[in-house]
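Only one structure is covered here, and it is reproduced in the block below.
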Amino acid sequence: MTLKRLILIFILTPIAVLLAVLALFNSWQEPQFQSRLELYQTNIALQAQAWQSEDSKDDSLQVIREAILGEQPLESATKQYQEARESVQANLDKVNNKLAQLRSQPEITLTPPKPLPDVAPTTKTSRQGQQQLQQSFKQLQKLLAELDLRLGILQAQQGQTDTALKTWSELQQRSDINPEFGETAAALSGLWNNPLRLLPNAQELIQKNLEGWFRSTALVKLYQLQQRQDALLGVKAAQQESAAQAVIKLAVIGTIPTLAALIGLILLILLFAQRLLKGKASLLAQNADVPWSTPWDGETILQVFVVGFFFMGQIFVPLVISLLPIPHPVADVRLQAFSVLISYLLVASGALLVLYFSLKRFFPLPEFWFRFRFQDNWFLWGLGGYCTALPIVVVVSLINQQLWQGQGGSNPLLQLALESQDGVALGIFFSTAAIAAPFFEEILFRGFLLPSLTRYLPVSGAIFISSLLFAIAHLSLSEILPLTALGIVLGVVYTRSRNLLAPMLLHSLWNSGTLLSLFVLGSN
C-alpha cells in the first residue's frame, strides 16, 4: 500500500469523519430555522385576517380570503404558538439540565487531532461551555416571554380572557426575564382585566415589545378604552394597509408552491401507474438499472470528497478567509452576502480542481460521464422533478419537525436571506444559492459520486447513498431527512435523463423558491 493511500485512508478520512460528526453534534444544540419560519408565516396570516375589502358583500372575495387564510385563522395561529411554546420550554429544560451537568464537571482541554493546518490549538473548558449554554438559556427565556405575550393576545381575542390573564400573570411572576416583558404583560392584563387598569406607559411598552398584528390589536384595544378616536382611526387604517399587503404575500408564497405540489402529486400518480402498466417501458424504469462504466475505485472517490470537498470547505478556505483583513463578525449585510459567495466559489473551485486532477489520468472518460445536452428534454425532467419533489419533501419535513421538536440546526444562509431586505445582498444570495450551488453540487454529487457508486452498488443503492451524503454534507441534523428526500428525487431525475442539466434546473428551482419565500416573509 502506497504512502498516499495510507495517509488518505487512515489519517485524512478519519479526521474528516470525526470533524463532520462533531459539526453535526453541535448542530443538534442549535435551534431549527423551520420553527421560526413557520411563526413568520403565522404572523403574516394574522395580519391578513384583518383584511376587509371595500365591497364587503362580494362573496368571491370572501371565498378568496378563506382559501388563503383558512376558516379559523386565529385558532390556527393559537395552536401554532402553543406548539412553539411547548418546543421552546422543552429545549429550555434540556439546556438547564446540561448546565447542571457542566457545573459538576472539571475543566477539560480539547486539542484538534493531527495533522491539521498550522493553527493554535483550541481550548474549550467546562466554564466556556457553560457560558455558551447560559447564553442559549437567556435567548430561550426571552423567546418564551415573547411567545407568552403574543399567546395571551390570541387567547383574549377569542374570548378566553381568563386564560389570557393567567398566561400574562405567570409571565409577570417569572424573575428570570427582562423586567420590560413583565411590565408589558401587566399592561396587557390591565387592558382586558375587569375592572380596567390602564398603565400610564402602556402605549410605550406595547410599541416597543410587540410587533405586527399583536401590536396593532393591543393598540386598538388601548385607544378604544382611552376614547382616542384619531389614534384609533390611524391604527385601523395602518392595519388595513398591512392586511392587504399580507394577503398578497400569502398568495405569492402559498399559491405557486401549492399548484406545483398538486401538479407533482398528479405526476407521481401517473408515473407509478405507468410503471405498473408498462413495466420497463415506463419513464420511471428508463435507465433505472443501467450503471456507469467507472474506471476508478473507492480511493479516488475518497480523495475527491475528503481532500476536495471536506478539507477545502471546512479547513483550507475558512483558514484563508480568516487571514484576510476582514473584520469579524461582518456587520454589513452586503459584505456578509459577498463573503458567503466568495467562500462558496473558493470551495467549489478547489473541489472541482481536485476532481479534475483526480480523473485526469482516466481521460477520455466513458460515455454518459458529466453529460450536458441542451437539445435533450432536460427542461421537462427538471421542471417535473421540482413539482414531484415538493409533496415528497413537504411530507418528510412534517415528520422531521415532530422528530426534532425545533432543534437540529439549519443553514445560516436561510436566516441571512430572511432578515435581509437589501436588494443587492439578496441578488448575491440568489447567485450563491440558485446558480453556484446547483452547478457545483450537482457536478459533485450527481455527476461524480452517484455514477461512481454504481461500480459497487445497484443504481437505486447509489441514488440513496449519494443522497444521504449530500444531506450530511450540509452539516445540520434537522436537514438530513428532507435533504435526503430531495437528493433521491435529484438522483432519480439524473439517472433517468442522463443529463446533468436536469438536476441542476431542479436544484435551482428549489433554492429559488426557498429564497423567494424568505424574501416575502422577511419583508413583513
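All of these numbers come straight from a predicted model, not from anything done at the bench.
The shortest distance between side-chain heavy atoms of I463 and V492 falls below 4.5 Å. With contacts defined as side-chain heavy-atom distances shorter than 4.5 Å, the pair T495/T454 does not qualify. Inter-residue side-chain proximity for L355 and F370 is flagged as met; some heavy-atom pair is nearer than 4.5 Å. Taking the side chain as every heavy atom from C-beta outward, R85 and L144 approach each other to under 4.5 Å. Side-chain contact between W378 and S497: absent, with no pair of heavy atoms (C-beta onward) separated by less than 4.5 Å. Inter-residue side-chain proximity for L283 and R496 is flagged as unmet; no heavy-atom pair is nearer than 4.5 Å. Contact of the W510 side chain with the P438 side chain is not registered, since no non-hydrogen atoms from C-beta on lie closer than 4.5 Å. Using a 4.5 Å cut-off on side-chain heavy atoms (C-beta onward), L444 and F305 make contact.
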| task | Just do the side-chain contact (heavy atoms from CB on, under 4.5 Å) check on L46 and T217 with the steps written out, would you? | result | CA-CA 10 Å; L46 285 170; T217 300; over 6 Å; no
| request: Decide side-chain contact (heavy atoms from CB on, under 4.5 Å) for I465 and L469; before the verdict, give the C-alpha distance in whole Å, the side-chain angles of both, and the deciding distance to 0.1 Å. | output: CA-CA 6 Å; I465 297 299; L469 292 174; 4.1 Å; yes
| Are L509 and L505 close enough, and set up right, to give a side-chain contact (heavy atoms from CB on, under 4.5 Å), and what steps lead you there? | CA-CA 6 Å; L509 288 172; L505 174 62; 4.0 Å; yes
| message | With side-chain contact (heavy atoms from CB on, under 4.5 Å) as the criterion, how do K166 and Q160 come out once you've worked through the C-alpha distance, each side chain's angles and the decisive distance to 0.1 Å? | response | CA-CA 10 Å; K166 182 181 178 182; Q160 303 168 14; over 6 Å; no
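For CG of N377, the number of neighbouring non-hydrogen atoms (other residues, nucleotides, ligands) closer than 6.0 Å is greater than 12. In the displayed structure, Y456 atom OH is contacted under 6.0 Å by more than 12 heavy atoms of other residues, nucleotides or ligands. Residue F368 qualifies as enclosed at atom CZ: its count of foreign heavy atoms under 6.0 Å is above 12.
Ring pair Y81/F214: centre-to-centre distance below 6.0 Å.
A cation-pi arrangement is found for R498 relative to W292, the charged atom lying closer than 6.0 Å to the ring centre and inside a 45° cone about the ring normal.
Minimum heavy-atom separation, S476 to L24: N-CD2, 3.7 Å. Nearest heavy atoms, V396 versus A485: CG2-CB, 4.0 Å. For the pair L345 and A436, the tightest heavy-atom approach, listed with the atom from each and the gap, is CD2-CB, 4.3 Å. Considering every non-hydrogen atom in both F448 and I301, the closest pair reads CZ-CA, 3.9 Å. Scanning all heavy atoms of the two residues, the minimum distance from L449 to F445 falls at CB-O, 3.5 Å. What you find for A145 and R174 is that their closest heavy atoms are N-NH2, 4.2 Å.
We find the CD1-CD distance between I428 and Q336 to be 11.0 Å, quoted to the nearest 0.5 Å. Atom-to-atom distance recorded for L147:CG and L154:CG is 10.5 Å, nearest 0.5 angstrom. Remark: L468 CG to I488 CD1 distance equals 9.0 Å, nearest 0.5 Å. Here the CG-OG1 distance, from L259 to T255, works out to 6.5 Å after rounding to the nearest 0.5 Å. Within the model, atoms CD1 of I177 and NZ of K138 stand 14.0 Å from one another, a figure rounded to the nearest 0.5 Å. The distance from atom CG of L276 to atom CG of L271, rounded to the nearest 0.5 Å, is 11.0 Å.
T163 and Q155 share no donor-acceptor pair across their side chains, judged by distance under 3.5 Å alone. Judged by distance alone, the side chains of H507 and E442 do bring a donor and an acceptor atom under 3.5 Å apart. Defined by atom type and a distance below 3.5 Å, a donor-acceptor pair is present between the side-chain atoms of Q158 and T78. When only modelled atom types and interatomic distance are considered, Q47 and N43 share no side-chain donor-acceptor pair under 3.5 Å.
Checked by atom type and distance alone, the side chain of S517 pairs as donor or acceptor with a backbone atom of G513 at under 3.5 Å. Proximity of a side-chain donor or acceptor of N400 to a complementary backbone N or O of S478 within less than 3.5 Å is detected. For S508 (side chain) and I435 (main-chain N/O), no donor-acceptor pair under 3.5 Å exists by modelled atom type. Judged purely by atom type and a 3.5 angstrom limit, S343 has no side-chain atom pairing as donor or acceptor with the backbone of V340. Formation of a donor-acceptor pair under 3.5 Å by the N499 side chain with backbone atoms of L501 is found in this model. No donor-acceptor pair under 3.5 Å is formed between the side chain of S282 and the backbone N or O of K278. Within the 3.5 Å criterion, the main-chain N or O of W213 finds a donor-acceptor partner in the side chain of S216.
Scanning for salt bridge (charged side-chain N to carboxylate O under 4.0 Å, His left out) contacts around R275 gives an empty result, with sequence neighbours left out. For Y386, there are no ring pair (Phe, Tyr, Trp, His ring centres under 6.0 Å) partners, not counting sequence neighbours. With sequence neighbours excluded, the residues satisfying ring pair (Phe, Tyr, Trp, His ring centres under 6.0 Å) with W168 are W192.
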